[in-house]
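To start, the structure itself, in structure tokens.
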Amino acid sequence: MALSFPTEMGFPFLYTYDMPILVRFEGKVKAVSTPQISQNNKLHKPEQISAKIEAVVTISSRDQSHLSFVTPFDHEIYIAGFDRNFQVHIPVKAEVEYNVKNMQAKIELELVEKHEDARLLRYAAWPYTSRSDVMSIIPVSLRPNTKVIKPDQSKYRYFDNQFGKKETGLNFRVWGYHPVQSINLIQLGKVLQSQNIETIWQQLWDQSSLEQSEFNIAFIPSKSTTRKVVLRLGYQNKYKSNPEIQSQEEYLTFDQLTPKLKMESLPRQQEMLKHVSSGIKSVKACSLDATIEFENEKKFVVGLAVAKSNVGPKSRTVCSITETMLKNNRLSSKPKLIFQTLMD
């Protein structure tokens, strides 16, 4: 967008705003289905799909705007501008297995970044002023008279921390700086009352601020004990006119359900379906299961099951999370029931 008009002094005034976006995917993808989709001049529905991916994904955007005016007598342009840069760069290797019949997926992800402190994510914003020849085709940021308006050191908060190694085996570094932002009681009340993440983010990070700031996340391979993450996803659904468990009294307690949460993914989903639909007639139920596993470190399992009657108001929702840790070469599991609701 560009807006231009003359001023009372006779100097042409110009306002421009644009946001270029770059998306780049570079790599190799190989997929195999069993049985083959096309075989003996016939099309077959695959039962199993396997894929191997080696890719580098890069997403970059720049939110840039500036005000300027031109002095015709010396062919100079004077600029005051503000830039916001956002970049994601992820080199990854993945192996995907999908069981079409049972709707179960396994995804192995491995970060293949070899360089120390190579940024995976970067956000940077800075205001600047510039003066140059109006015919110059050099980018404004590279012109010799471009000056970034640097912050007062005493009004900024700097941070440089590492995280993730203890919890996942993957070591990340986060660093940057931002202006110290005060928050009044009214804003604090909005943060505490709001259940909207976007509202909380707007209150804690002033998006309208035109001061210089920076935020970076990098992967540290030399301090990581693993590079691989395994993600398992499963989905099951069913409809039954009569529930497997007819009586409400047979509905499992959490203590009875806990051992069943330690099963493998597919049996666990089936048990959750049976549990959540107990005592509900003409029930339509579904179960979601997600497992994230860090090699030789920790495993988290999240299960969600929902059931609703098609002939009445009765419904049930169950959500659980199980944390499995490896200590002294022994696995220990801690199933937790996050919530369990029943509506009649």
Side-chain angles (χ1 to χ4, degrees), residues 53-59 86-97 105-124 156-178 180-181 191-192 197 200-201 204-205 213-234 254 258-259 261-265 268 288-304 319-339:
I53 304 169
E54 294 183 17
V56 178
V57 181
T58 303
I59 302 173
F86 178 79
Q87 180 172 306
V88 177
H89 176 76
I90 303 178
V92 68
K93 183 188 294 183
E95 294 186 11
V96 181
E97 296 179 4
K106 177 185 176 182
I107 306 170
E108 292 187 6
L109 296 173
E110 182 179 355
L111 284 173
V112 293
E113 181 59 67
K114 298 179 181 179
H115 302 93
E116 296 290 323
D117 279 344
R119 292 181 178 95
L120 300 179
L121 182 145
R122 181 174 186 264
Y123 169 86
Y156 269 66
R157 180 177 288 114
Y158 292 79
F159 57 92
D160 189 344
N161 300 295
Q162 296 188 20
F163 68 95
K165 183 177 181 179
K166 181 180 178 182
E167 295 80 9
T168 67
L170 298 168
N171 196 87
F172 296 94
R173 179 190 172 206
V174 55
W175 76 98
Y177 55 87
H178 61 90
V180 176
Q181 182 180 344
V191 170
L192 296 176
I197 295 178
I200 296 173
W201 173 259
L204 297 180
W205 189 288
S213 59
E214 185 174 338
F215 178 83
N216 303 278
I217 295 179
F219 176 57
I220 313 295
S222 63
K223 295 184 179 180
S224 299
T225 58
T226 182
R227 290 175 177 235
K228 187 177 291 187
V229 176
V230 179
L231 180 64
R232 303 175 194 270
L233 302 171
F254 177 60
T258 297
L261 297 177
K262 298 180 181 180
M263 295 179 174
E264 293 297 320
S265 179
R268 182 170 58 244
L288 295 170
D289 191 270
T291 302
I292 183 168
E293 183 177 346
F294 301 96
E295 192 176 35
N296 299 326
E297 294 290 341
K298 281 188 178 182
K299 181 168 71 174
F300 297 93
V301 180
V302 179
L304 174 67
C319 180
S320 68
I321 182 170
T322 303
E323 178 183 355
T324 302
M325 301 176 62
L326 180 64
K327 287 186 177 181
N328 300 323
N329 295 323
R330 297 182 63 182
L331 290 174
S332 62
S333 297
K334 299 178 180 178
K336 298 178 181 178
L337 191 66
I338 303 303
F339 62 81

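Since we're looking at a predicted model, the values are computed, not measured. Position 1 is the first residue of the sequence; numbering continues from there.
Listed for the K93 side chain is no donor-acceptor partner under 3.5 Å among the backbone atoms of V112.
Classification of the F163-F172 ring pair by plane angle, with boundaries at 30° and 60°, yields parallel.
For the pair T322/R268, no side-chain contact is recorded, criterion being any heavy-atom separation below 4.5 Å from C-beta on. Put simply, the side chain of V88 does not reach to within 4.5 Å of the side chain of V57, judged on heavy atoms. Residues E116 and P221 meet the side-chain proximity criterion, which asks for heavy atoms closer than 4.5 Å. Using a 4.5 Å heavy-atom threshold, the side chains of Q87 and R119 count as separate.
With rounding to the nearest 0.5 angstrom, the CD atom of E214 is 8.5 Å from the CZ atom of F159. Interatomic distance, CD1 of I220 versus NE2 of H115, reported as 13.0 Å (0.5 Å rounding). For the atom pair CD (E108) and CD (E97), the distance works out to 7.0 Å, reported to the nearest 0.5 Å. A distance of 11.5 Å separates OG1 of T291 from NZ of K106, quoted to the nearest 0.5 Å. Rounding to the nearest 0.5 Å places CZ of R227 at 9.5 Å from CG of L170. From I292, atom CD1 reaches atom CG of L233 across 10.0 Å, with rounding to the nearest 0.5 Å.
Minimum heavy-atom separation, N171 to F219: O-CD1, 3.4 Å. Across A118 and A218, no two heavy atoms sit closer than the pair O-CB, 3.4 Å.
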Given L121 and I90, is the side-chain contact (heavy atoms from CB on, under 4.5 Å) satisfied, shown in steps? CA-CA 8 Å; L121 182 145; I90 303 178; over 6 Å; no
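In summary, the aromatic rings of F86 and Y123 are positioned with their centroids too far apart to meet the 6.0 Å limit.
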